[in-house]
Amino acid sequence: MQVSVGKSTLELVQGDITQQDTEAIVNAANSSLLGGGGVDGAIHRAGGPQILEECRKIGGCPPGEARITSGGGLKAKYVIHTVGPIYRGGRRGEAGILASAYRSSLELASQRGIRSVAFPSISTGAYGYPIELAAPIALQTAMDYLQAHSEIEMVRFVLFGSSAYEAYEKALKGLLQSESAG
Ligand code: AR6
């Protein structure tokens with residue numbers, strides 16, 4: 001599914017984040033930036049040791065912030081590493097931290113002149129954020145950013161499996177409907 005947001009494009013695809021040809025892909029990292037499972041493990045496996053080497057020098061990243069490295073052997077030139085919240089019931093600021101992880105990643109892309117960014121569904125794996133709650137936050141944050149920042153031409157959400165894709169599709173349709181209802 002693809003929609004226009006201001007002068008930019010937001011799209012949802014089902015697939016593997018490591019295979020994307022956007023200028024940057026985003027990693028769902030942890031605060032150490034020293035690797036892990038899920039998206040993080042897949043990116044380091046596919047991109048090779050150079051990414052981890054650069055992460056070591058950076059020395060970590062608090063939840064809701066983002067850091068950037070090269071893409072190593074990936075098609076993407078850059079990896080933006082961001083840290084989402086660990087979900088603990090929803091009353092510990094998780095939504096704000098999740099939105100901040102997306103916003104910080106996009107701000108870093110803008111600063112570096114990156115025009116296309118692919119995101120995974122941050123926090124909805126090992127960090128336990130229910131995808132039905134995370135998807136509207138992810139999408140609204142990206143749409144708000146694109147409305148104000150046409151220098152980012154394309155944001156792609158890469159969803160792993162059909163149920164994740166369907167959750168994002170449902171959330172996007174919901175947001176578009178509530179927008180057109182004013
Ligand atoms: N491409 C796209 N999406 C994927 C891929 C892939 N190759 N692999 C998994 N997903 P997770 P988190 C989906 O656990 O919840 C790591 O150990 C997955 O189905 O990768 O933010 C880090 O080091 C899920 O929907 O990230 C941290 O310790 C989503 O990506 C911790 O996990 C995110 O799952 C971060 O947890």
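Counting starts at 1 for both ligands and their atoms, following the listed order. By convention here, the first residue in the shown sequence is residue 1.
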S.K.: Using a strict cut-off of 4.0 Å, indicate which atoms of ligand 1 neighbour a heavy atom of Asp40.
M.R.: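 Numbered from 1, ligand 1 contributes 22 (C), 23 (O).
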
S.K.: Nearest protein heavy atom to atom 16 (C) of ligand 1, by residue and atom, and its distance?
M.R.: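 Result: Gly37 O, 3.4 Å.
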
S.K.: Ion pair present between Glu53 and Arg56, side-chain N to carboxylate O less than 4.0 angstrom?
M.R.: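 Here Glu53 pairs with Arg56 in a salt bridge, since their nearest N and O are under 4.0 Å apart.
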
S.K.: Could you tell me if Gln50 and Glu54 have a donor-acceptor pair between their side chains, going purely by distance under 3.5 Å?
M.R.: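 Yes, Gln50 and Glu54 have a side-chain donor paired with an acceptor closer than 3.5 Å.
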
S.K.: Just go through Asn30, Ile122, Val39 and tell me whose heavy atom is the nearest to atom 27 (C) of ligand 1.
M.R.: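 Nearest heavy atom to atom 27 (C) of ligand 1 lies in Asn30.
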
S.K.: Which residue from Ile86, Thr18, Ile17, Leu34 reaches closest to atom 2 (C) of ligand 1 through any of its heavy atoms?
M.R.: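 Checking each option, the heavy atom nearest atom 2 (C) of ligand 1 is found in Ile17.
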
S.K.: List ligand 1 atoms under 4.0 Å from Ala28, heavy atoms only on the residue side.
M.R.: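 Result: 21 (O), 22 (C), 26 (O), 35 (C).
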
S.K.: Could you tell me which atoms of ligand 1, counted from 1 in the order shown, lie closer than 4.0 angstrom to a heavy atom of Gly36?
M.R.: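 Atoms satisfying the 4.0 Å criterion: 17 (O), 23 (O).
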
S.K.: Which of the atoms of ligand 1 are close to Gly38, meaning less than 4.0 Å from one of its heavy atoms?
M.R.: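 It comes down to these atoms of ligand 1: 20 (O).
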
S.K.: Should the pair Tyr102 and Phe157 be assigned to parallel (<30°), tilted (30 to 60°) or perpendicular (>60°) ring geometry?
M.R.: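 Answer is tilted, since the angle falls between 30° and 60°.
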
S.K.: With a 4.0 Å cut-off, strictly under, does atom 18 (C) of ligand 1 pick up any protein heavy atom?
M.R.: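 Within 4.0 Å: no protein heavy atom nearby.
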
S.K.: For ligand 1, which atoms sit closer than 4.0 Å to a heavy atom of Ser121?
M.R.: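 Near Ser121, meaning under 4.0 Å from one of its heavy atoms, ligand 1 has 29 (C), 33 (C).
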
S.K.: Classify the ring geometry of His81 against His44: parallel below 30°, tilted from 30° to 60°, perpendicular beyond 60°.
M.R.: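 Judged by the thresholds at 30° and 60°, the geometry between His81 and His44 is parallel.
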
S.K.: Please could you name the atoms of ligand 1 that Asp16 approaches to less than 4.0 Å, counting only its heavy atoms?
M.R.: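 Once the distances to Asp16 are compared, the set is 1 (N), 6 (C), 7 (N).
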
